[in-house]
Amino acid sequence: MFESWDYDPDAVPVRSGHFIGGSIVDDRPAIEVRRPSDGVVYAAIPEAGEESVDRAVASARKAFHDSDWACIEPRRRARILRRWADLLERHADELAVLESLGSTRPVADARAWDVPFAAESLRFFAEYADKLGGDVAATRGDHLGFVASEPYGVVAAIAPWNLPLVMAAWKCGPALAAGNAVVLKPSELTPFSSLRFAELAIEAGMPPGILNVVNGSGARTGDSLVRHADIGKITFTGSTRSGAAVMTAAAATGLKPVTLELGGKCPQIVFADAPSIERAAAIVSRAILLNAGQVCVAGSRLLVQESIRDELVARIIAHCRMPVPGATWEKRAILPPIVSQRQAIRIDGIVNTSLAEGAEALLGGDWESAASHYRPTVLGGVTNATTAVREEIFGPVLTVQSFNDEEEAWALAAHGTYGLAAGIHTGDVSRALRAVRKLEAGTVWVNRYGRSEDFVIPTGGFKSSGIGKDLGRQAVEANLRHKSVLIDFS
Ligand code: NAD
């Protein structure tokens with residue numbers, strides 16, 4: 001089938017509702033859902049209020065206590081997670097259509113990358129199911145002390161719209177591998193692939209109720225979920241502002257532990273001794289064009305050594321001219337649409353404010369209002385005070401600043417708010433290691449940018465970019481609590 005795509009977006013059936021107790025349950029449609037590519041309303045979702053959220057949490061709680069999910073041999077749990085991953089791949093064509101239809105992900109990317117990546121990350125988490133049981137403590141000879149790692153119970157997982165399936169896998173995978181039950185709330189902008197994701201979990205043998213999905217807005221459904229008394233832990237990915245609201249609600253309703261993966265404003269630093277200027281240009285461009293800049297780790301701030309500035313910027317501009325805007329159901333699409341008109345207007349507002357502040361458009365900056373795509377934009381003449389340098393834009397907008405030496409580079413790279421990721425291009429290993437020490441970022445990439453299947457390396461931010469990690473052993477550990485036991489057998 002895949003070879004024959006493009007597909008007709010009006011011919012794709014979409015199933016709506018919540019997923020509670022092992023099946024999709026209907027509810028009154030309340031929120032219209034639009035296709036980013038053409039703005040057409042193609043479906044609607046219900047909005048779970050306190051009552052529906054309570055049903056989902058009760059279903060998760062019951063399954064956690066009554067099914068054997070938390071206490072079966074961990075390797076059996078791992079087998080179910082691996083079977084689930086296999087099923088995602090077996091249904092990759094169908095999932096790629098569902099994912100691309102209503103999100104910013106071009107169908108070819110969703111098929112080649114998102115679905116296999118989501119599946120492989122579930123396999124990665126499965127590998128930890130029997131590896132994090134706890135520790136035996138050193139105690140006096142007639143005592144036995146141990147620390148038992150146990151699941152929290154019901155984990156609330158809240159995901160953003162920018163990579164819906166991958167984010168769902170990164171939120172649910174570690175919580176489930178650790179033996180928890182989960183209630184997932186996908187973004188109201190991209191709700192549908194998560195329902196199919198959950199159905200396939202049941203087909204893989206996961207007990208009904210262990211994974212539930214509630215649909216609705218953040219303000220109503222997300223907030224009710226976070227505040228629910230039976231939630232043991234919250235794992236959230238989204239904007240820093242919403243993350244702060246989640247943390248406040250979690251603190252007010254029982255001090256629930258939170259993992260927060262939030263916004264970023266990531267620098268890409270290119271020194272004159274980079275192994276290849278052309279390779280650096282390709283990497284820098286890709287890091288801002290991927291998903292049209294709608295990625296938390298978008299490399300949105302180029303810092304370049306003055307002596308190579310003009311050459312590097314010219315090469316980056318050439319790369320930025322290449323992507324062809326297209327609808328996500330066109331196989332040829334390279335530059336994806338912006339998720340919503342509201343977001344495109346926001347991007348344009350930041351660009352225009354920055355131009356008024358003295359920035360110069362080296363490319364783009366001339367959005368035609370109502371267009372669903374935002375042309376890649378490169379802004380020179382900026383400082384750390386320019387709005388486009390300070391604010392997370394979540395669009396294909398790259399700012400350019402130059403420096404003369406390392407100290408200046410580190411000073412420009414430091415951001416007052418965010419510390420998610422950073423890239424550095426240099427042929428000098430000592431300089432790269434100095435960068436690792438200096439840069440306040442949860443991830444530092446050297447002579448590359450972005451991740452591949454290196455799931456063992458966690459992802460997560462410093463400062464207002466978040467608390468805790470997705471991926472890595474750390475993500476599974478964050479879904480376990482530790483019980484200390486001391487036995488006197490004298
Ligand atoms: P968002 O904060 O608007 O929404 C994210 C999710 O949170 C959605 O499901 C939303 O409905 C829900 N939500 C919103 N307010 C809530 C509240 N008060 N209580 C509970 N839930 C609430 O973010 P978005 O626009 O969907 O995604 C883009 C943002 O996500 C960007 O800032 C991006 O940097 C960030 N992000 C971060 C990472 C990371 O790993 N650090 C990854 C992807 C996206």
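The first residue in the sequence is number 1, and the count goes up from there.
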query: Are a donor atom and an acceptor atom from the side chains of Asp405 and Gln305 found within less than 3.5 Å of each other?
result: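 The answer is no; no qualifying pair exists.
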
message: Any donor-acceptor pair under 3.5 Å linking the side-chain atoms of Glu47 with those of Ser217?
response: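 Side-chain D/A pair, Ser217 to Glu47: present.
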
- request: With sequence neighbours excluded, give me every side-chain hydrogen bond (donor to acceptor under 3.5 Å, both in side chains) pair touching residues 453-469.
  value: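 Passing the test, one end in residues 453-469: Arg451-Asp454.
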
Any side-chain heavy-atom pair from [X] and [Y] closer than 4.5 angstrom?
| X | Y | result |
| --- | --- | --- |
| Arg332 | Val324 | yes |
| Pro191 | Val33 | yes |
| Ile347 | Phe394 | no |

message: Is there a side-chain hydrogen bond (donor to acceptor under 3.5 Å, both in side chains) between Glu306 and Ser402? Walk through the geometry before answering.
response: CA-CA 5 Å; Glu306 180 58 37; Ser402 57; 2.6 Å; yes

Quick one: list whatever passes salt bridge (Lys or Arg N to Asp or Glu O under 4.0 Å) with [X], sequence neighbours left out.
| X | answer |
| --- | --- |
| Glu120 | Arg123 |
| Asp348 | none |
| Arg321 | none |
| Arg315 | Glu278, Glu311 |

query: Are any of the side-chain nitrogens in Glu127 or Lys131 under 4.0 Å away from the carboxylate oxygens of its partner?
result: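 Between Lys131 and Glu127 there is no salt bridge, as every charged N stays at least 4.0 Å from the carboxylate O atoms.
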
field: Charged N-O contact under 4.0 Å between Lys331 and Asp6
entry: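 The answer is no: the pair does not qualify as a salt bridge.
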
Quick check: [Y] with [X] (ring centres under 6.0 Å apart)?
| X | Y | result |
| --- | --- | --- |
| Phe124 | Phe117 | no |
| Trp410 | Phe403 | no |
| Phe192 | Tyr42 | yes |

- prompt: Can the positive tip of Arg286 be found less than 6.0 Å from the middle of the six-membered ring of Tyr449, inside 45° of the ring normal?
  reply: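 Verdict for Tyr449: no cation-pi partner in Arg286.
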
task: Give me the one residue out of Pro336, Pro164, Pro36, Ser193 that meets side-chain contact (heavy atoms from CB on, under 4.5 Å) with Ser103.
output: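 For Ser103, the side-chain contact (heavy atoms from CB on, under 4.5 Å) test succeeds with only one of Pro336, Pro164, Pro36, Ser193, which is Pro164.
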
- prompt: Is it true that a side-chain atom of Thr387 and a backbone atom of Thr353 form a donor plus acceptor pair closer than 3.5 Å?
  reply: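 Flag not set: sc Thr387 to bb Thr353 has no pair under 3.5 Å.
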
Identify each donor-acceptor pair in which a side-chain atom of residues 432-442 lies under 3.5 Å from a protein atom, sequence neighbours left out, and give them as a table.
| from | atom 1 | to | atom 2 | distance (Å) |
| --- | --- | --- | --- | --- |
| Arg434 | NE | Glu406 | OE1 | 2.9 |
| Arg434 | NE | Glu406 | OE2 | 3.3 |
| Arg434 | NH2 | Glu406 | OE2 | 2.7 |

